[in-house]
Amino acid sequence: MKQSVLTPQMFWINKKQPTQQTTFAGIIQKSPQMTLTLALLCFFAFLAGFVDSMVGGGGLIQLPAMLLLLKGVPVPVVFGTGKVSSLAGTATALWRYSGRVPMQWRSVGAAAITAGLFSFAGARVVSLLPSELLRPLVLGLLVVIAAYTFWRKDFGAIHAPRLTPSRETLYGVLVGAILGFYDGFFGPGTGSLLLFAFVGLFGYDFLTASASAKLVNVATNLTSLLYFAFTDQILYHIALPMAACNMLGSTLGARMALKQGTGFVRVLFLVVVCGIILKLAYDTFGHAA
């Protein structure tokens, strides 16, 4: 008798063929390999939440791991499943920061609402223009950001808002529109770009900027998640355990950021930005080599 082999494709439930549906519980009982796959996904979700809660960049940890471990699952389904985890972790980090870090809810809220709307617009434009056009531009921008942050030792060290409330709201709308569109169209490094914008334009320290960026990230993630949920492209039996682990990582990461302060967040920001630079450089030049 030929023995059937369970692969990661079995995570995908084909709703057009009900007879082929299978439950995650059944897979767990039959295949230790699937148990290991879920455990690894949860570990990377935890790690992503831990890093993202402080300086962004969690998607560069979680998404590649999901694409590697869930081979055969349609990419939009992988994206939708990951969004559940990302939103849960980001919302948890925001909750941990609120009340402990001074936040300008009016201006940051304006940025969040605008970013959510423009994120959807960016996602729609993806089908019209190749997103690869942005990669060299973003790569160069991140190199400048890393160099400037490293050179300016006092950058983001002191929380000293420099804008009037009305101008801060206007800047919030502009930042939300630009980076929200970018997040929907391309994506990598959005959290780090938001953090830099809140420090450089608004005069926030790194800790306040990180907390403010979380509110904008919640809006963009929620917009994306609603789209994936509406189009039925989420595997909840994977997404929910990952979300729980991402929330745990975000809780510990936000707690560490609050305890260690701005200097620690600045150093970690540089590390993550350098990681994003290496990733984008490989995507841009590595395949051509």
Side-chain angles (χ1 to χ4, degrees), residues 41-66 81-105 108-109 111-112 115-116 119 145 149 156 159 179-180 183 187-199 202 204-225 239-276 279:
L41 288 170
C42 287
F43 168 75
F44 284 111
F46 169 85
L47 187 60
F50 182 80
V51 173
D52 195 80
S53 65
M54 293 182 277
V55 293
L60 295 175
I61 298 173
Q62 179 175 274
L63 184 58
M66 294 183 70
T81 302
K83 282 297 179 183
V84 176
S85 174
S86 298
L87 177 60
T90 305
T92 299
L94 176 62
W95 175 74
R96 292 290 302 180
Y97 284 125
S98 62
R100 298 174 178 84
V101 175
M103 291 182 62
Q104 303 297 325
W105 292 99
V108 178
S119 175
I145 287 174
T149 304
H159 184 64
L179 293 184
D183 189 40
T190 301
S192 298
L193 290 172
L194 279 168
L195 197 155
F196 184 83
F198 281 124
V199 173
F202 291 70
Y204 295 173
D205 61 27
F206 268 102
L207 190 58
T208 304
S210 179
S212 302
K214 294 298 164 285
L215 180 59
V216 182
N217 283 144
V218 165
T220 56
N221 282 332
L222 181 59
T223 301
S224 301
L225 181 60
L240 295 180
M242 288 184 64
C245 293
N246 199 305
M247 291 171 67
L248 177 59
S250 293
T251 299
L252 295 178
R255 182 181 299 174
M256 177 173 287
L258 290 167
K259 182 179 179 180
Q260 300 295 331
T262 292
F264 172 79
V265 176
R266 177 183 179 275
V267 172
L268 188 59
F269 171 77
L270 279 170
V271 171
V272 170
V273 169
C274 289
I276 298 172
K279 173 66 167 58

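Both backbone and side-chain heavy atoms feed into the values below; hydrogens, waters and symmetry mates do not.
- Considering all non-hydrogen atoms of both residues, A243 and A88 come closest at CB-CB, 3.8 Å.
- If you take OG1 on T190 and CG on L195, they are separated by 12.5 Å, rounding to the nearest 0.5 Å.
- A donor-acceptor pair under 3.5 Å links the side-chain atoms of S210 to the main chain of M54, judged by distance alone.
- Counting heavy atoms from C-beta on, the side chains of Y97 and L215 never come closer than 4.5 Å.
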Evaluate side chain to side chain contact (heavy atoms under 4.5 Å, CB included) for T251 paired with R96, printing each intermediate quantity in order. CA-CA 7 Å; T251 299; R96 292 290 302 180; 4.2 Å; yes
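- A211 and V101 make their closest contact through CB-CG1, 4.0 Å (heavy atoms, listed as atom of the first residue, atom of the second, distance).
- Between L94 and M103, some side-chain heavy-atom pair lies under the 4.5 Å cut-off.
- Within the 4.5 Å cutoff, the side chain of W95 has no heavy atoms near those of the S250 side chain.
- Taking 4.5 Å as the limit, some side-chain heavy atom of L41 sits within range of a side-chain heavy atom of M66.
- The line from OG of S86 to CG of L63 is 8.5 Å long, rounded to the nearest 0.5 Å.
- In this pair, Y204 and F198 present their aromatic rings parallel. The plane angle is below 30°, not in the 30 to 60° band.
- The minimum heavy-atom distance linking Q62 with A48 is given by the pair CB-CB, 3.8 Å.
- With rounding to the nearest 0.5 Å, the separation of CZ in F264 from CE in M256 is 5.0 Å.
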Could you check V216 against L179 for side chain to side chain contact (heavy atoms under 4.5 Å, CB included), going step by step and ending with a plain yes or no? CA-CA 9 Å; V216 182; L179 293 184; over 6 Å; no
Take S85 and F44, measure what side chain to side chain contact (heavy atoms under 4.5 Å, CB included) needs, and give me the verdict at the end. CA-CA 11 Å; S85 174; F44 284 111; over 6 Å; no
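- Within the model, atoms CG of L87 and CG of L222 stand 6.0 Å from one another, a figure rounded to the nearest 0.5 Å.
- The backbone N or O of G116 lies less than 3.5 Å from a partner atom in the side chain of T223, making a donor-acceptor pair.
- When all heavy atoms are compared, the tightest approach of K214 to A93 is CD-CB, 4.1 Å.
- Between T90 atom OG1 and N246 atom CG the span is 7.0 Å, to the nearest 0.5 Å.
- Using modelled atom types, one side-chain atom of N221 and one backbone atom of N217 make a donor-acceptor pair closer than 3.5 Å.
- Summarising the geometry of S192 relative to V55, their closest heavy-atom pair is OG-O, 3.2 Å, with the distance given to 0.1 Å.
- Residues F46 and L252 meet the side-chain proximity criterion, which asks for heavy atoms closer than 4.5 Å.
- Contact detail for G180 and T220: the closest heavy-atom pair is CA-CG2, 4.4 Å.
- Distance check, rounded to the nearest 0.5 Å: CZ of F50 to CD1 of I61 gives 10.0 Å.
- Side-chain contact between V199 and D205 is absent, with no heavy atoms from C-beta onward closer than 4.5 Å.
- With a 4.5 Å cut-off on side-chain heavy atoms, C245 and F43 do not count as touching.
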